[in-house]
Chemist: 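There's a structure below that I have some questions on.
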There are 2 protein chains.
Amino acid sequence: MARPVPTAQIISVIAGVTKSTVSRALQGDERISLETRQRILKIAEKVGYTPNAVARSLTTKQSGIIGYAIGQTENVFFQEQLERISLIAHERNARLMLFSIPDGQNVTDVLPVMLQYRLDGCIVIASVPITAGAVEKCMRYRMPLVLLNRIGPKTGASSVLCDNVGGARDIVRFLLASDHSRIAYIGGRPGSAISQDRERGMREAFDTAGEKLYDERVGHFTFEGGRQAARELMSTKARPDAIFAANDLMAFGAIDAVKEIGLRIPEDVSVVGFDGARAGAWPAYNLTTMVQPVESMFTTAIEFVERQRIEPLRPPETVYIAPQFLQRGSSRLPKARTPGFVGSPEPIRKKGR
Amino acid sequence: MARPVPTAQIISVIAGVTKSTVSRALQGDERISLETRQRILKIAEKVGYTPNAVARSLTTKQSGIIGYAIGQTENVFFQEQLERISLIAHERNARLMLFSIPDGQNVTDVLPVMLQYRLDGCIVIASVPITAGAVEKCMRYRMPLVLLNRIGPKTGASSVLCDNVGGARDIVRFLLASDHSRIAYIGGRPGSAISQDRERGMREAFDTAGEKLYDERVGHFTFEGGRQAARELMSTKARPDAIFAANDLMAFGAIDAVKEIGLRIPEDVSVVGFDGARAGAWPAYNLTTMVQPVESMFTTAIEFVERQRIEPLRPPETVYIAPQFLQRGSSRLPKARTPGFVGSPEPIRKKGR
DNA sequence: CTGAAAGCGCTTACAG
DNA sequence: CTGAAAGCGCTTACAG
C-alpha cells in the first residue's frame with residue numbers, strides 16, 4: 001500500500017546490475033546489450049518506474065523547464081493562446097513554468113524564483129516590463145532570455161517579434177486599396193514598443209502612398225480606450241470611413257461604440273484590428289485583423305532558448321515573423337481588385353530589420 | 001565574466017564556516033549566532049547567491065511546483081483567469097507548471113511527465129478527462145490531485161467546485177422573480193459534470209417554484225452552439241422572454257443571434273449566462289451572469305494540495321463554493337423588488353452537498 | 001558490455 | 001553554536 005516510489009536503485013537490484021547500467025539502459029544507450037536493456041525496461045515497466053527529473057536536472061544541469069512571464073494586462077491575447085503555447089513547448093520537450101507579473105512590478109521581482117529553479121530559459125511577453133539589470137542577472141546565471149514583440153534593454157536577450165511595422169503598413173495599404181479616403185487610427189499605449197512599431201508602419205504606409213492619416217486618438221490598448229476613441233472619432237462632422245485600431249481589443253470597443261451611435265459596419269465605417277483574438281470570430285465583431293503568428297513565434301522562442309543553452313557564447317538573436325492578414329466582415333471590400341495589394345502574404349521570416 | 005554560478009559551498013569558504021552553517025543561516029535558523037547569520041547573508045548578497053531549488057527539492061522531496069492541467073476547450077474562461085491563478089499560487093509560495101491536454105487525450109497522457117517532476121500536486125480543470133487509472137497512479141506516487149468543478153472517478157482525488165447547482169437555481173429564481181414567464185434553457189455538453197449540475201439546479205428551481213421550463217436546447221458550451229440554439233428558440237411563434245445559457249460563451253452566441261434577428265435585449269428577451277467571462281463586461285454583451293469564485297476556488301485547491309502533502313493519509317476533501325450573481329444589462333429588472341430573491345449571496349462555503 | 005566512483009548542490013539528523 | 005557525514009536519485013567520465 002504505502003510502498004515507496006521506485007528508484008533506479010531498486011530496479012538495479014532486481015535486475016542484478018548496477019544503477020549505472022539501469023540509467024544507461026533507460027536512456028537507450030547502445031552500449032548496453034539489447035538483452036539487458038529489454039530486461040531492464042521490462043522491470044521498470046512492471047514496478048511503474050518514473051525517473052526523477054529533479055535528480056536528473058541536478059546532474060545534467062538542465063531543468064527542462066522554461067519560464068513564461070505574462071503580465072496583468074487587459075489584453076488577453078497571449079493568455080488566450082496559452083494552451084497552444086504550452087502544447088508547443090511540450091512537443092519540443094520543454095515544460096512551462098508560469099510567472100504572472102502584477103501591475104507595477106517587473107521581471108526583477110520574480111527573477112529570484114526563476115533563477116532558483118535553474119530554468120533553461122525564460123520567455124517574456126511584451127506587456128511585462130524588464131530592466132537592464134534583470135537582463136544582466138540572467139546572463140550571469142546563464143539563463144537565456146527571449147523577449148516577445150520587443151527588443152530588450154542592453155543586448156543580452158534574444159527577441160522574437162511579429163512584424164508589427166509591416167503588418168500595420170499592410171493594413172493601411174489594404175484600407176487605401178479598398179477605397180477608403182478618411183482613415184483614422186487608434187493608437188495603443190504610447191510608451192510601448194508594440195504601439196510604436198505599429199504606429200510607425202501605419203505612418204510609413206501613408207507616406208509611401210502619398211496619402212494622409214485623417215484623424216487619430218490614443219486608446220491605450222484597452223477595450224474602453226478603443227470605445228471612447230471611436231466615439232470621439234465618429235462624432236465629428238465628416239466622420240472617418242475607416243478605423244484602424246492598433247489591437248483587436250480596442251477594435252472591439254470601437255465596433256461597439258460605432259453600433260451604439262447607430263452606424264453600420266462596414267457600410268458606414270470599416271474597422272480593422274491587429275492580433276487575431278478569438279472574439280474577432282464572433283458575429284458581433286466579425287473583425288478583419290492582422291493575425292500574430294503565435295505558433296512560429298513561440299516555436300522560435302523555444303529554439304532560441306535551446307540554442308543559447310547549447311552554445312552559451314552565441315550572441316542573442318532577433319527575428320521578425322510576418323503576421324497574416326485575415327479579412328472578415330468588419331471591413332469594406334475593394335470596389336475593384338487592386339493588384340497592388342497582396343491580401344495574405346506568406347508568413348515569411350526576415351532577419352533584422 | 002564567465003564566473004561560475006555561486007553555490008553554498010563557495011559562500012562557506014568565504015565565510016570560513018561549513019556549508020551546513022551556510023544552509024542553516026540562509027534558512028534563518030535561530031541556532032546559528034546572529035553575528036554569523038548576518039555575515040553569511042551579507043556574503044550571499046554580495047556574490048549574488050541564489051539557492052538551487054533543484055538540489056533542495058531533491059533532499060526535501062518537495063518541488064514547490066504544482067501542475068495545472070488545462071484542456072483544449074473553446075471556453076477560455078479558466079485561461080482568462082490564468083494570470084490571477086498563477087499569482088495566487090506564487091503568493092502561496094507555489095509555482096505552476098502548465099500542462100495542456102489536447103482534444104481527445106486525457107490526464108494519463110501527460111501523467112508520466114508530471115510524475116517525473118515529482119510535483120507537489122496537480123490541479124485539473126473540468127474540461128480535461130481523467131480516468132480512474134490516472135487517479136490511482138497519482139496516489140501511488142503520492143501526488144495529490146485536485147479536480148476543479150467535478151467529482152473524480154474513485155475517491156482518490158479532492159474536488160473544489162463552484163456550487164453550480166445552487167448558482168443555476170438562483171438564476172432561475174431571479175428570472176422568475178423578474179416576471180419572466182417563458183424561460184428557455186441552453187444546456188452545455190450533455191456528458192459533462194458541470195453541465196449536469198447546472199441543469200439539475202435549473203430544474204430544481206422550476207420544481208420548487210411550481211413553474212415550468214418553457215423550452216430548451218443543447219449548445220455544447222460553444223459560442224456557435226449558443227447562437228444556433230438561440231436562433232431556434234427565437235424562431236417559434238411564442239418566443240421565450242428569457243434565455244438562461246449554461247455558460248457565458250453560449251450566452252454571447254445567443255445574444256448575437258437575438259440581435260441578428262432584430263430583437264432587443266432585454267426588452268424582448270433577457271439573456272443570462274454563467275461563469276463571469278471578461279467579454280461579459282463589454283457593452284455589446286453587458287451580460288448578467290453567475291460569477292465563478294475563481295479566487296477562493298483556486299486558493300482552496302492549493303490548500304488541499306498542501307494539506308495532503310503534509311498529511312498523506314488524510315482523505316481527499318470536497319468543497320463547494322458559492323458563485324456570485326452579477327446583474328448587468330442583459331436581463332430585465334423585476335417589476336417590483338421581490339424580497340424572496342437575494343441578488344448576491346455572500347460567497348459562503350459549504351461542505352458536502 | 002558493465003561496474004565502481006565521483007559528483008550535482010543542497011538538507012538534516014547526530015555529535016560535540 | 002557549529003561541524004562532519006550521509007543521503008536525496010540521478011549521470012557520466014574512467015576503467016576494464
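Labels below follow one simple rule: chain letters A, B, ... track the order of the sequence lines, proteins then strands, and each chain is numbered from 1.
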Chemist: Pairing of DNA chain C as dot-bracket, 5' to 3': ( ) intra-strand, [ ] crossing, | other strand, . unpaired, with Watson-Crick or G-U pairs under 3.5 Å?
Modeler: |||.||||||||.|||

Chemist: Looking across every strand, which nucleic acid part, if any, lies under 4.0 Å from A:T36 by heavy atom: base, sugar-phosphate, or nothing?
Modeler: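 Touches sugar-phosphate only.
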
Chemist: Using the test side chain to side chain contact (heavy atoms under 4.5 Å, CB included), find all partners of A:L34 that sit at least two apart in sequence or belong to another chain.
Modeler: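 Result, side chain to side chain contact (heavy atoms under 4.5 Å, CB included) vs A:L34: A:R37, A:Q38.
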
Chemist: For A:N149 versus A:C162, what's the shortest heavy-atom pair and its separation?
Modeler: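 Heavy atoms of A:N149 and A:C162 come nearest at OD1-N, 2.9 Å.
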
Chemist: When the ring centroid of B:F298 is compared with that of B:Y68, is the distance short of 6.0 Å?
Modeler: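 They qualify: ring centres under 6.0 Å apart.
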
Chemist: Would you give the length of the straight line joining atom CD1 of B:I11 to atom NZ of B:K42, rounded to the nearest 0.5 angstrom?
Modeler: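 Those atoms lie 14.0 Å apart.
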
Chemist: Do the side-chain N and O atoms of A:T36 and A:S33 include a donor-acceptor pair separated by under 3.5 angstrom?
Modeler: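 Yes - a donor-acceptor pair under 3.5 Å links their side chains.
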
Chemist: Mind listing the residues from residues 5-31 of chain B sitting with a heavy atom below 4.0 Å of DNA chain C? Number order is fine.
Modeler: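 Output list: B:T7, B:A8, B:K19, B:S20, B:S23, B:R24, B:Q27.
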
Chemist: Going 5' to 3' along DNA chain D, between which two nucleotides do contacts with chain B fall, using a heavy-atom cut-off of 4.0 Å?
Modeler: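 For DNA chain D, the relevant span reads D:dC1 to D:dG9.
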
Chemist: Ion pair present between A:E317 and A:R307, side-chain N to carboxylate O less than 4.0 angstrom?
Modeler: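 Yes, this pair counts.
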
Chemist: Report the C-alpha separation of B:R24 and B:S20 in whole Å, then their side-chain angles, then the decisive distance to 0.1 Å, and conclude whether the side-chain contact (heavy atoms from CB on, under 4.5 Å) test is met.
Modeler: CA-CA 6 Å; B:R24 289 183 185 118; B:S20 318; 3.7 Å; yes

Chemist: Salt-bridged, B:E306 to B:R92, with N to O below 4.0 Å?
Modeler: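 A salt bridge is absent here (no side-chain N lies under 4.0 Å from a carboxylate O).
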
Chemist: If you round to the nearest 0.5 Å, how far is CG of A:L87 from CD of A:E295?
Modeler: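 Here the interatomic distance stands at 8.5 Å.
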
Chemist: If each of B:L34 and A:A55 is mapped to the nucleotide of DNA chain D with the nearest heavy atom, which maps nearer the 5' terminus, i.e. the 5' end?
Modeler: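 The residue closer to the strand's 5' end, by nearest nucleotide, is B:L34.
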
Chemist: Start with the C-alpha gap between B:Y117 and B:S63, add the side-chain angles, then the distance that decides, and say whether side chain to side chain donor-acceptor pair (under 3.5 Å) holds.
Modeler: CA-CA 8 Å; B:Y117 277 92; B:S63 62; over 6 Å; no

Chemist: Closest nucleotide of DNA chain C for A:L58 versus for A:S33: which of these residues is on the 5' side?
Modeler: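 With A:L58 and A:S33 compared, the 5'-side residue is A:S33.
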
Chemist: In residues 45-52 of chain A, which ones come under 4.0 Å of DNA chain C, going by heavy atoms?
Modeler: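 None - not one residue of the stretch has a heavy atom sitting under 4.0 Å from the strand.
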
Chemist: Parallel, tilted or perpendicular: which describes the rings of A:H90 and B:F99, with under 30° parallel and over 60° perpendicular?
Modeler: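 Taking B:F99 first and then A:H90, their aromatic rings sit tilted (interplane angle of 30° to 60°).
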
Chemist: side-chain contact (heavy atoms from CB on, under 4.5 Å) for A:L58 and B:N52? Distances and angles first, verdict last.
Modeler: CA-CA 9 Å; A:L58 190 57; B:N52 185 329; 4.2 Å; yes

Chemist: Return a table of donor-acceptor pairs under 3.5 angstrom between the side chains of residues 125-138 of chain A and protein atoms on other chains or two or more places apart.
Modeler:
{"unit_1": "A:T131", "atom_1": "OG1", "unit_2": "A:T108", "atom_2": "OG1", "d": "3.3"}
{"unit_1": "A:T131", "atom_1": "OG1", "unit_2": "A:A134", "atom_2": "N", "d": "3.1"}
{"unit_1": "A:E136", "atom_1": "OE2", "unit_2": "A:K154", "atom_2": "NZ", "d": "2.8"}

